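See below for the structure under consideration.
Any value given below was found using the heavy atoms of this structure, including those in side chains, with hydrogens, waters and symmetry copies removed. Source: prediction; values computed, not measured.
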Amino acid sequence: MLFLASRILEHELRDEGRLHLLEKLQERNFIPLIRSTRLSCYGQALSGTEQVGEMERLIIANLNDPEKHTPYIQGDIFCFDDHIFFLLFGDLEDGSAGMRAGVVYEPQTTEPLQKLNSFCQTVRLCLAEASGLRLSGGDADDETQKLTAWRQSPSTIQQGFMRFVARQDADSLSTIACRENARERVRAAKFLDDDVTRLFLRRAREAYAEGYAVSPSAGGTTTTAAGAGAAATADASPSEFTINKLLEVGLLRREVLVSCRKSGHALFSLPSADALAVITISHARCSECGANIADEKIEELFAPTQLSSNLLEDGAWLVNRLHRILRELGISESEIAVEPPAGDGEARMMARVCGESFLIVMRDGDLSPAFARRAINTKIETEARHLVLVVTGTIHNEARTGLHGFASRMTRGGNDFELILAEGVGAAETELRRAFERVSQKVLAEQLCELDASMGLSVAQLITSRFQMLRDSRDAEQPDTARLPAPTVQSQNLQNMVQAVSLIDFNLLEINDEDESITTATTLPRSG
């Protein structure tokens, strides 16, 4: 997937000025691809390169007809290893004359906006040299000020996105961003993708709140310990292997439960066997029967952690997973806004992709008609072009019909709108990746279509194919061993298959532990 960012400058140039600017940029190692292609064509036509410059200026002069003026230079592109700059001349979106500078880059490109700003600075320096102006000093005139007035393209400023951000204060946004990027939450949230794991942890939390702890029995059935009235939860029974993984990521913790052998009443729970040793050494006795604590019933059980409770509350784990997916797809932190939980079990976030806004509404449950109506109201408030609803339960037919009806009305009204329904995190990741790809291709074609006639082909397609070939070349250069799971991960997969557990993708977890910046291009296939 490719991303695009641009800046505009209200400074008009004619063909001679544009040509002079490209020559100055080439002196600074910014090679204009379209102009270079044309010069090569002129050289072949003249059987030499001595007079190509003269032929270029002759063609410009012949095209300079006030009545039928077709600009010889409408813009150009400048190719580098992991990004491409473009420069467009002509009318801007507000009707004024000027130029647009932009960058096309991949998710793994480092500091693309800083590269764009540096390119804009180089352009203004070249313009100043061509105009004989000074950009330093306290007595700069109006023309000099115009050359430094690069500003963000208005097409990339979404008022709805800004209103969504404005509803939250800066402190809450900063807190949410830090929380969603917390390493322990990222690791733990992956395990909650599975319905059985979430059900097990919810029932464990409920049992613990009632004074019971959770213990998988020998037959695999999860029951509450200590006392009558404890309900069996045979339909939510993770394997011992999964329990160990939940312990590792901090969703469960071990406890030692001491109960009276005669009455079965739970006396107290301890965090470890060492704590129990301290009590038994003190010769403490049971308050029910008077026996020594060492003679009472002692069990090692599991209890949900605070992290588990935090992630399950208001679908926080779902927010964490979607936030992580957006970051892995290359969306920068500044282009993501998460709304603080309102306590209704729903969560909302917005993301901007190439200037287009996505509203993502999530719920750890069913997509009901009421939930659909609230999502539509939020879409209207934010003016998002793309509405993505992510649920972990089922989509009610009434809700689906209402959403599709709303989408049809938006389309008939001439609005560019897209509706995406996803059941589960896996489906959401797939749908978001496809939607981002479509938006990237559309925006790239819209921005650079003016150069197609100059190049003689689709510049957007040229850029897309170029990046694709570079990615394929990088993948081919990687050793085969780098694409295979580590032996420890393979062993875990075998154990996972033997125990018939198809809950969690441990391969991805292990890779993210080693390198959180890994790209989706090298993601290992899901197991189970």
Side-chain angles (χ1 to χ4, degrees), residues 164 176 180 185-186 188-203 205 235-236 308-329 331 336-351 357-382 384-408 410 417-436 502-505 526:
F164 184 84
I176 291 173
E180 302 309 326
R185 289 177 67 96
V186 171
K190 280 184 174 291
F191 286 83
L192 298 178
D193 286 358
D194 182 73
D195 296 338
V196 174
T197 302
R198 292 198 308 278
L199 179 60
F200 167 75
L201 290 175
R202 284 196 180 96
R203 293 189 174 180
R205 185 175 61 171
D235 55 337
S308 173
S309 300
N310 292 340
L311 288 175
L312 290 173
E313 185 177 2
D314 288 329
W317 72 271
L318 196 54
V319 177
N320 188 275
R321 290 290 290 121
L322 268 296
H323 188 279
R324 185 64 181 174
I325 288 172
L326 292 178
R327 297 291 289 120
E328 290 175 348
L329 290 176
I331 311 302
I336 303 174
V338 182
E339 187 178 65
D344 55 1
E346 301 175 11
R348 302 168 184 85
M349 70 168 64
M350 287 196 72
S357 57
F358 283 75
L359 171 63
I360 305 174
V361 187
M362 298 155 282
R363 186 183 186 189
D364 189 4
D366 294 346
L367 203 168
S368 63
F371 173 54
R373 288 191 294 270
R374 289 191 294 270
I376 290 175
N377 291 336
T378 307
K379 184 273 168 201
I380 295 174
E381 293 174 3
T382 58
R385 288 189 177 183
H386 307 265
L387 174 60
V388 184
L389 284 85
V390 184
V391 295
T392 59
T394 59
I395 300 177
H396 296 184
N397 290 333
E398 183 181 352
R400 188 192 300 273
T401 302
L403 288 167
H404 284 298
F406 172 76
S408 298
M410 293 290 294
F417 175 69
E418 180 183 25
L419 172 67
I420 298 175
L421 305 180
E423 298 182 58
V425 175
E429 181 176 5
T430 301
E431 293 296 335
L432 286 173
R433 186 187 303 276
R434 293 173 179 171
F436 292 172
S502 57
L503 301 179
I504 309 298
D505 190 340
R526 298 181 67 88

From Ile376 CD1 over to Leu419 CG, what is the distance, rounded to the nearest 0.5 angstrom? 8.5 Å
With Glu423, which residues qualify under salt bridge (Lys or Arg N to Asp or Glu O under 4.0 Å), at least two apart? none
Quick one: are Arg198 and Thr392 in side-chain contact, heavy atoms under 4.5 Å? yes
Should we count CD of Glu381 as having more than 12 external heavy atoms under 6.0 Å? yes
Report yes if the side chains of Glu431 and Val388 come closer than 4.5 Å at any heavy-atom pair, otherwise no. no
Side-chain heavy atoms of Lys190 within contact of Arg321, under 4.5 Å: yes
Considering all heavy atoms, the nearest Val390-Gly424 contact: CG1-O, 4.1 Å
What side-chain donor-acceptor pairs closer than 3.5 Å can you find for residues 400-408, not counting sequence neighbours?
from, atom 1, to, atom 2, distance (Å)
Thr401, OG1, Asn397, O, 2.9
Ser408, OG, His404, O, 3.0

At what distance, to the nearest 0.5 angstrom, does CE of Met410 lie from NZ of Lys379? 3.0 Å
When rounded to the nearest 0.5 angstrom, what distance separates OG1 in Thr378 from CG in Leu387? 8.5 Å
Note: Gly393 and Asp366 closest approach over all heavy atoms is CA-OD1, 3.3 Å
Answer yes or no: is there a side-chain heavy-atom contact under 4.5 Å between Leu389 and Phe371? yes
ring-ring contact (aromatic ring centres under 6.0 Å, His included) partners for Phe436, two or more places apart: Phe358
Within a strict 4.5 Å, meaning less than it, do heavy atoms of the Ile336 and Arg327 side chains meet? yes
Working to the nearest 0.5 angstrom, can you tell me the gap between Leu432 CG and Glu328 CD? 12.0 Å
Of all heavy-atom pairs linking Ala422 and Ala427, the shortest is CB-C, 4.0 Å
Leu326 side chain reached by Met349 side chain, heavy atoms, under 4.5 Å: yes
Rounded to the nearest 0.5 Å, how far does CZ of Phe164 lie from OG1 of Thr382? 7.5 Å
Would you check if Asn320 and Leu192 make a side-chain contact, meaning some heavy-atom pair closer than 4.5 Å? no
Do Arg205 and Ser308 make a side-chain contact, defined as non-hydrogen atoms from C-beta onward lying under 4.5 Å apart? no
For the student: nearest non-hydrogen atoms of Leu359 and Ala375, plus distance: CD2-O, 4.2 Å
Let me confirm one number: the OG-CZ distance from Ser368 to Arg374, rounded to the nearest 0.5 Å. 6.0 Å
